[in-house]
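A note on names: the letters A, B, ... follow the listed sequences, proteins ahead of strands, and every chain is numbered from 1.
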Protein chains: 2
Amino acid sequence: MGSHFDILIIGAGPAGLMLSTCLARWGYTIKQIDKRPESTQRGQADAIQPRCLELLRSLDLKSEIMAHGPFKLYEISNWGQSLSDDAIHRTSTHLASPQDVRYPFVTVLAQGTIESILISSLARHSLAIDRPWTLKSFKVDRQNHSYPVTVDLEHIDGCAQETIFAKYLIGADGAKSFVRQIMGVEIEYKGVPSNVWGVIDGLVDTDFPDIRIMCNILSREGSVLLAPRENGLVRFYVHLASDKDPGWARALASTESDVKERVKTVLRPYYLNWELVDWFSIYPIRQGVTKRYSLGDRIFLVGDACHVHSKPKAAQGMNTGFLDSYNLAWKIHLVEQGFAERRVLKTYEQERRHIAQELIKFDEKYAQAFSQCSGETNRQMATLNMDRIKGEELAQLYKEALFFVSGYGVSYQPNIINWSVYHPAQSLALGQHGTGLRPGIMFLSSTVSRVTDANPVSLHHAIPENGSFKIFIFAGKPECTKASLVQLADYLAQENSFLKNFSQPRARRIRSHKRHNPHSLLFTICVIFAAKRQDIDIKRHVPGILGEYKHHIYADDRANYNNLDVNSANILAHKRAGIDESTGAVLVVRPDGYVSAIARLTENVDTAEALSEYFTSFCGRRNSYHDDDH
Amino acid sequence: MGSHFDILIIGAGPAGLMLSTCLARWGYTIKQIDKRPESTQRGQADAIQPRCLELLRSLDLKSEIMAHGPFKLYEISNWGQSLSDDAIHRTSTHLASPQDVRYPFVTVLAQGTIESILISSLARHSLAIDRPWTLKSFKVDRQNHSYPVTVDLEHIDGCAQETIFAKYLIGADGAKSFVRQIMGVEIEYKGVPSNVWGVIDGLVDTDFPDIRIMCNILSREGSVLLAPRENGLVRFYVHLASDKDPGWARALASTESDVKERVKTVLRPYYLNWELVDWFSIYPIRQGVTKRYSLGDRIFLVGDACHVHSKPKAAQGMNTGFLDSYNLAWKIHLVEQGFAERRVLKTYEQERRHIAQELIKFDEKYAQAFSQCSGETNRQMATLNMDRIKGEELAQLYKEALFFVSGYGVSYQPNIINWSVYHPAQSLALGQHGTGLRPGIMFLSSTVSRVTDANPVSLHHAIPENGSFKIFIFAGKPECTKASLVQLADYLAQENSFLKNFSQPRARRIRSHKRHNPHSLLFTICVIFAAKRQDIDIKRHVPGILGEYKHHIYADDRANYNNLDVNSANILAHKRAGIDESTGAVLVVRPDGYVSAIARLTENVDTAEALSEYFTSFCGRRNSYHDDDH
C-alpha cells in the first residue's frame with residue numbers, strides 16, 4: 001500500500017542532491033527520483049562560487065571536488081576595441097572573488113562531475129536515485145500529522161507505479177518543474193527573452209594570451225565571454241542576437257559551426273583553431289521567479305523550479321539552488337527534531353525568493369549591459385553605467401558585486417529567525433551594539449587557534465555541518481569578561497535556561513555528539529578569547545557548563561603565527577566582527593552561517609535571558625525532548 | 001630462466017615504497033618483495049615532517065593522507081616540576097615546525113596507513129608487492145652492462161624460488177637488512193644501548209590539559225613524551241631505565257601494565273585512565289650508521305638498513321628513509337635516461353651518510369638529555385645544555401633545530417652536483433653572488449602567480465615530481481633584465497648549448513611532456529619576474545626558446561593579493577632568495593629541491609656558458625638521446 005519516507009525529492013540535479021546530502025546525513029529517510037535515465041554528462045552549469053565551496057567543505061566533499069582537478073579562477077580580464085583600432089586589447093583585470101573569504105577563487109568543474117560526487121556521497125548513506133521515474137500526482141491530507149503527503153510515482157516507461165507517503169515533498173525538478181505545475185504556480189519571466197546566446201565547450205589552439213583567464217570580450221564583431229575549464233577545456237558564451245536585431249530568428253537556429261566562426265572572428269587578430277567540441281547549445285536569456293516557493297508547510301520548490309537566470313557569467317543557477325536547499329534542509333531538520341515551530345518553514349520562501357529577485361536585478365543589469373555590444377572599449381562588469389563613480393567608491397561597488405556573486409553578499413530580511421527591533425524578543429541586550437555585524441548577513445569566518453590542540457581552525461568549519469545553531473561567545477580578554485562568563489554559565493545551568501529547555505537526553509549518550517552537542521542538537525557553543533592560546537587555561541577561564549565545549553574554546557591569536565615566539569595576540573576575529581576586546585559579545589549564527597542575533601555580554605543575567613528569549617520566540621517554551629533528569 | 005627488471009627492491013617499508021613510488025611513475029620496471037606476510041598494521045613510526053609532506057604533495061599523495069584524518073601537530077609544550085612542588089607545570093610552549101615552510105605542522109598518522117597509501121598508489125602503476133618473499137643471495141656481473149645483478153629469491157615457506165636479473169638491487173629491508181649482511185657491512189652503533197624506553201598507543205580519559213599537544217614531561221617520577229595521534233589516540237614514550245640504573249634488566253622486561261602505571265604516576269596530579277591500548281613495545285635506544293651505503297653503482301641501501309635512530313621525538317627514521325630513497329631515485333633516473341654519468345650515483349652515499357651522521361649527533365644529544373630525568377624544571381629540547389645562550393641566539397638555535405627536524409635544515413656538502421669553488425665548472429658567472437643561497441641547501445619555496453591563468457603556485461609544486469632539474473630564472477624587473485634574457489634565449493637556441501646537447505626528440509612528441517619538458521627531461525625552465533602579473537606580456541618579455549615554457553612564467557606579486565587592485569608587486573620570492581630585482585639570477589635546483597648552482601644573469605654569454613659548463617661536468621658532452629634534427 002506504499003512506502004513511507006520522511007522526504008520525497010523529485011529531481012536529482014544540484015539543488016535536489018544538496019537537499020538529500022544534508023538530510024541523509026542528519027538521519028532522515030529519503031526517496032529521490034529523477035526522470036532522466038542518467039545524471040548530467042556534459043555542459044550545463046560549471047562553477048562553484050566561494051560560499052558554496054565552503055559549504056561543500058563543511059560537508060567534507062571539497063577534497064573530492066579538488067581531486068577532479070577543477071580549474072581555479074582567480075581573475076577576470078576585460079577586452080575591448082578602441083575606435084581607431086581593429087585589434088582587441090585588454091582594458092582591465094580584476095579579481096574573480098573577494099579575497100577575504102576562505103576560498104578566494106571560483107571552482108570550475110562540470111555539473112555532471114559535481115552531481116556524481118554528491119551521488120557517491122549519498123551512496124555512502126545508502127541512498128540511490130531512482131531513475132527514470134516521474135511524478136504523476138500528489139495530494140496533502142492535513143489531518144494526517146505523520147505522513148500528510150501522498151504521491152504517485154511512475155516509471156518513465158510506464159512499466160511500474162508506486163505510491164509514497166511522505167512528510168515533505170520537494171520539487172527540485174528544474175525550470176519545467178511538474179511539482180510546480182501541480183501547485184498551480186508559474187515562473188514570472190521578466191519580459192520576453194531579449195537576447196540569444198550560444199555556448200560551446202572545447203579544446204582550442206590559440207595565441208590569445210588570456211585563454212586561461214576568464215574574459216569579457218566586446219568587439220564590433222560581437223560579445224564573447226570566455227571561461228577556462230578543467231582538463232584544458234574552454235567555454236565560450238557567444239552573444240548571437242538581441243530582439244532589436246532582424247537576425248533574431250536566424251540566431252536561434254545557429255549551428256555549432258556558426259558559433260565557432262563567431263568566436264574566431266571576435267578574437268582577431270589572435271588566431272584560434274578548434275581541436276575538439278565537447279558541448280554546444282543555443283539558448284535565449286530569460287529571467288524569472290515564481291510567486292510562491294511552497295504549498296503550505298509540506299511542499300517546497302528549490303533551484304530552477306522556482307527561479308531561472310541567464311547563463312553567462314556567475315554560475316548563479318547552480319549556486320543559488322545549492323543555497324536554497326541548504327536553507328530549507330536545516331529548517332526542516334529543526335522542525336522535525338521538535339526544536340522549532342512549524343512556522344519557521346515560512347521563512348524559507350521569504351528569504352530565498354527575495355534572494356532570487358535580488359539576483360535577477362543584478363543579473364538583468366549585467367546581462368543586458370554585456371549584451372550591449374559596442375565598439376567602444378568596454379568597462380568591466382560591476383562598473384557598468386557608473387561613469388560618474390570614481391576611485392574609492394568604484395572599488396567599493398566592485399567589491400560589493402564580487403561579494404554578491406560569491407554568495408557572501410546576499411543578505412536576508414528580518415523575520416522570526418533574523419532578529420530586528422520588531423522581533424518578539426525585546427531584550428535590550430539584543431541589538432547591533434556597535435559591532436560590524438547585523439542579523440541577516442553572512443558571518444565571515446576567521447581562523448583561530450583551538451586551545452586543546454593548537455590547530456588553526458576556521459570558525460565556519462569548527463563544527464561539522466550538523467544543522468545546529470552556533471553560539472559564538474566572543475569573550476574578549478579573559479580578565480575583562482570573567483564575571484560575564486561566570487554569570488552566563490550559572491544562568492545556563494538553571495532549570496529555566498534555553499540550554500535546559502532544549503537539552504536532549506539522547507544527545508548526552510551519543511559519543512559523536514559529545515564534542516559538538518553535549519547539551520542539545522539545537523546549538524553548539526564556541527568561546528573565542530582575545531588572548532594567546534598558551535595563556536588560556538580552560539579550567540580557570542571557561543566556567544561551569546561552558547567547559548563542556550572544551551574542543552570549542554579558541555584563541556584569537558592566529559595573525560601572529562609567523563612569529564616564532566607565539567607571543568602577542570592580534571585578535572583578528574574580534575576585529576573583523578567589530579567586537580570590542582574589553583566587552584566581548586555573543587553572536588548567534590544560523591546553521592547556514594548567517595548571523596541571526598547579537599547579544600551584549602553582560603555581568604548580569606541579561607545576556608542569558610536575551611538568548612533564551614530569542615530561541616524561545618521561534619522554538620516555543622519547552623520541547624518534546626525535554627530532559628527531566630535536569 | 002628468470003625475469004628481468006630495472007629495479008629489484010627488497011623490503012616494502014616506507015623507504016622501499018618511496019623508491020618504487022618514484023621509479024614506477026618514471027616508467028621503470030620494478031619488482032619489490034617483503035618478507036612480512038602483510039604490511040605494517042600497528043604502531044611503529046607515526047609522523048611525517050613538513051619536508052616529507054611537501055614531497056608527498058608533489059607525488060599527489062597528500063590529499064589521500066589528509067583523507068585519513070591525521071593529527072596535525074602545531075605545538076610542543078614542556079612540563080616539569082619545581083623543587084618546592086610535587087605538581088607538574090607547563091614551563092614553555094613552542095612551535096613544532098618552522099612557520100615559513102609550505103606545511104608548518106607535523107602530520108601524525110600510523111606508519112601502516114602511510115604504507116597502505118603508497119601501496120595503493122603503486123597498484124595504479126600495476127605494481128604489487130610480492131610477499132612473503134625473501135632474498136637468498138645475489139651476485140653482480142660487471143661485464144653484463146644491461147642486467148648485471150642476478151638475485152635469487154625464495155618464498156618464505158620455501159615453496160617457490162625465483163631468479164631475477166636486475167639493473168639495480170636496493171636493500172630497503174630494515175635494521176636487520178640481509179642485503180647489508182651479504183654486502184658484508186655492519187651498522188656501527190654509537191656505544192651500547194644506554195636507555196630503555198616503553199612506547200604505548202591508546203585512548204585515555206584524563207584532565208591533563210595538553211593531552212592534544214605534544215609534551216615533554218620531566219618529573220621526579222620519570223620522563224614521558226606524549227604525542228597525540230589520529231582518531232583521538234595518544235602515544236606515550238616512557239623512559240624506563242638508563243644503564244647507570246640497577247633496574248636495567250628489569251626495565252627490559254617491563255609489561256604493558258608497568259608502562260601504563262608509570263604514565264599515570266608521572267602525570268600526577270592530573271588523573272589518567274586507560275580506555276584502550278592499541279600498541280605496546282619496549283626497546284633500548286641505539287643509534288648507528290653503516291660505513292657504506294652502496295656496493296659499486298648497482299647495489300644500494302636505504303632507510304633503516306643503513307642508519308638507525310632512537311625512536312622518541314622527531315620521527316626521523318621514516319622521514320630520513322623517504323629522503324634517502326628520493327635522493328637515490330632521481331639519480332638512478334638521470335643515469336638510466338642517459339643524461340648523467342654513472343659517477344653521480346656515488347653522491348648518494350656521500351650525501352645521505354653525512355645526513356645520517358648529523359642526525360645521530362642531533363638525536364644523541366637530544367635523546368640523552370631527555371633521558372636525564374631530573375626533578376628540576378626541564379628546559380626544552382633544542383635548548384638543552386645551553387644555559388649561557390640567551391635571547392636572540394636562543395631563538396635562532398631553536399629555529400635551526402626546527403629546520404633540521406623538519407627536513408629543511410639538512411644540507412649537503414659540495415660534490416659534482418653541488419657546485420663549489422672546487423667544482424670542475426669554473427665559470428666566473430657561477431657563485432653565490434650576494435644571494436641568500438648556496439649550493440647544498442634546500443630551496444625554500446615561495447608562492448608566485450602563474451602568468452597564464454593567475455593561479456597562485458608554490459614554486460616547488462609548479463612542476464610535478466618528474467625527476468628533472470629546475471632552472472629558476474629569477475628575472476627581476478622585466479625592464480632591467482630584458483637584454484640578459486634575450487642573450488640567454490639566443491645562446492640556448494644555438495647548436496652547442498646544454499639545451500641542445502640534452503634535448504630529447506621523444507619528449508617533443510609526448511603531449512604530457514610538452515608543458516614541463518618541451519626540450520629535455522633533464523630540466524624544466526621557470527621564469528619569475530619581479531612584476532605584477534598583468535604587466536607581464538609573455539610574447540614581449542619572454543624571448544625565443546624560453547617562451548616555450550609559457551606555463552612556467554611567474555609573477556612574484558603574491559604578497560599583495562589581499563589588495564583588491566592587484567597593484568603593487570611585493571617580490572617576496574626574490575627577497576626570500578636574496579636576489580636583487582635589478583639584476584636577477586639563475587638558480588639550478590635539483591629534482592629533490594636542493595639548490596645545486598647559482599649563476600649570475602648577464603647581458604653576455606656568461607650565464608648560458610656557465611649553465612652549460614655546470615651540466616656538462618656531470619652529464620658529459622653529448623648524450624645518447626641527442627636530437628640530430630636540431
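Considering only residues two or more places apart in sequence or on other chains, His89(A) meets the side-chain contact (heavy atoms from CB on, under 4.5 Å) condition with Asp85(A), Ala87(A). Residues that satisfy the side-chain hydrogen bond (donor to acceptor under 3.5 Å, both in side chains) test with Arg90(B), not counting sequence neighbours, are Asp210(B).
Contact of Ile213(B) with chain A is made through backbone and side chain together, with heavy-atom distances under 4.5 Å. Residue Phe71(B) touches chain A through its side chain alone, counting heavy-atom pairs closer than 4.5 Å.
Annotation: the span from Ser92(A) atom OG to Gln534(B) atom CD amounts to 9.5 Å, rounded to 0.5 Å. Rounding to the nearest 0.5 Å gives a distance of 8.0 Å between NE2 of His551(B) and CZ of Arg212(A). Of the inter-residue distances, the one linking Asp207(B) atom CG with Ile538(A) atom CD1 reads 11.5 Å to the nearest 0.5 angstrom. Of the inter-residue distances, the one linking Ser77(B) atom OG with Arg533(A) atom CZ reads 7.5 Å to the nearest 0.5 angstrom.
Counting all heavy atoms, side chain and backbone alike, Ala454(B) lies closest to Tyr74(A) at O-CB, 3.5 Å. Residues Asn455(A) and Lys72(B) share a closest heavy-atom pair of ND2-O, 2.7 Å.
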